[in-house]
Amino acid sequence: DTLRSCLFCSSEFTGDRRLVFSHMFTAHGFNLGKADNLVFVDDFLALLRAKLHAFQCLFCERTYKDRPTLKDHVRKKHHRRINPDNTLYDRFYMINYAGGDSGAWQKSRAKGQREDEEDDDDDD
């Protein structure tokens, strides 16, 4: 079984990759999407871990002087996600391998966000 660790704390998970993604969402509010829709998961986590180790925000990609400053930025700006416009991440999302549309996951995500906004408008 593969051992995967959380990007934000010392929690470790063995086996089902969904466990680490679920943990990062519930414990840290960090959402990468459904684990079943990801490929090359270990490479993806290693890339994200390297960025965080360099104190780089995963959303706006600014670099900070230390971990506490980065954490403060992420909390204040609600940057608890990756940047959907960064094509570096395309290879990790299965949707990009279906039909050859390299930005398909971004379009799908944007569509979902528009639908959520429309649902919010219905509450008025």
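Treat the numbers as computed from the prediction; the structure is a model and nothing was measured.
- The shortest non-hydrogen separation linking R81 to H78 is NH1-O, 2.6 Å.
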Side chains of residues 46-61: which donor-acceptor partners sit under 3.5 Å, not counting sequence neighbours?
unit_1 : atom_1 : unit_2 : atom_2 : d
R49    : NH2    : S5     : O      : 2.7
R49    : NH2    : S5     : OG     : 3.0
Q56    : NE2    : E61    : O      : 3.1
E61    : OE2    : N86    : ND2    : 2.3

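- When side chains are defined from C-beta on, V74 counts as touching L70, because their heavy atoms get closer than 4.5 Å.
- Taken to the nearest 0.5 Å, the CG atom of D85 stands 10.5 Å off from the CD1 atom of I82.
- Taking both residues in full, the closest heavy atoms of N31 and F25 are given as CB-CD1, 3.7 Å, listed atom of the first, atom of the second, then distance.
- Applying the side chain to side chain contact (heavy atoms under 4.5 Å, CB included) rule to V41 yields the partners R4, R17, F21, L38, L45; only residues at least two apart in sequence or on another chain are considered.
- Taking the side chain to side chain contact (heavy atoms under 4.5 Å, CB included) definition, one finds that D16 meets it with R18, L19, sequence neighbours left out.
- Taking the side chain as every heavy atom from C-beta outward, E12 and C6 never approach each other to under 4.5 Å.
- Inter-residue side-chain proximity for M24 and L7 is flagged as met; some heavy-atom pair is nearer than 4.5 Å.
- Counting heavy atoms from C-beta outward, D42 and T2 have side chains that approach closer than 4.5 Å.
- Looking at T26, its side chain does come within 3.5 Å of a backbone N or O of S22 through a donor-acceptor pair.
- Relative ring orientation between F92 and F44 is described as parallel, the plane-to-plane angle staying below 30° on a 0-90° scale split at 30° and 60°.
- Looking at D72 and T69, their side chains never bring a donor and an acceptor atom within 3.5 Å of each other.
- Using a 4.5 Å cut-off on side-chain heavy atoms (C-beta onward), F8 and F30 make contact.
- Summarising the geometry, atom CG belonging to L32 is positioned 14.0 Å from atom CZ belonging to R80; distances are rounded to the nearest 0.5 Å.
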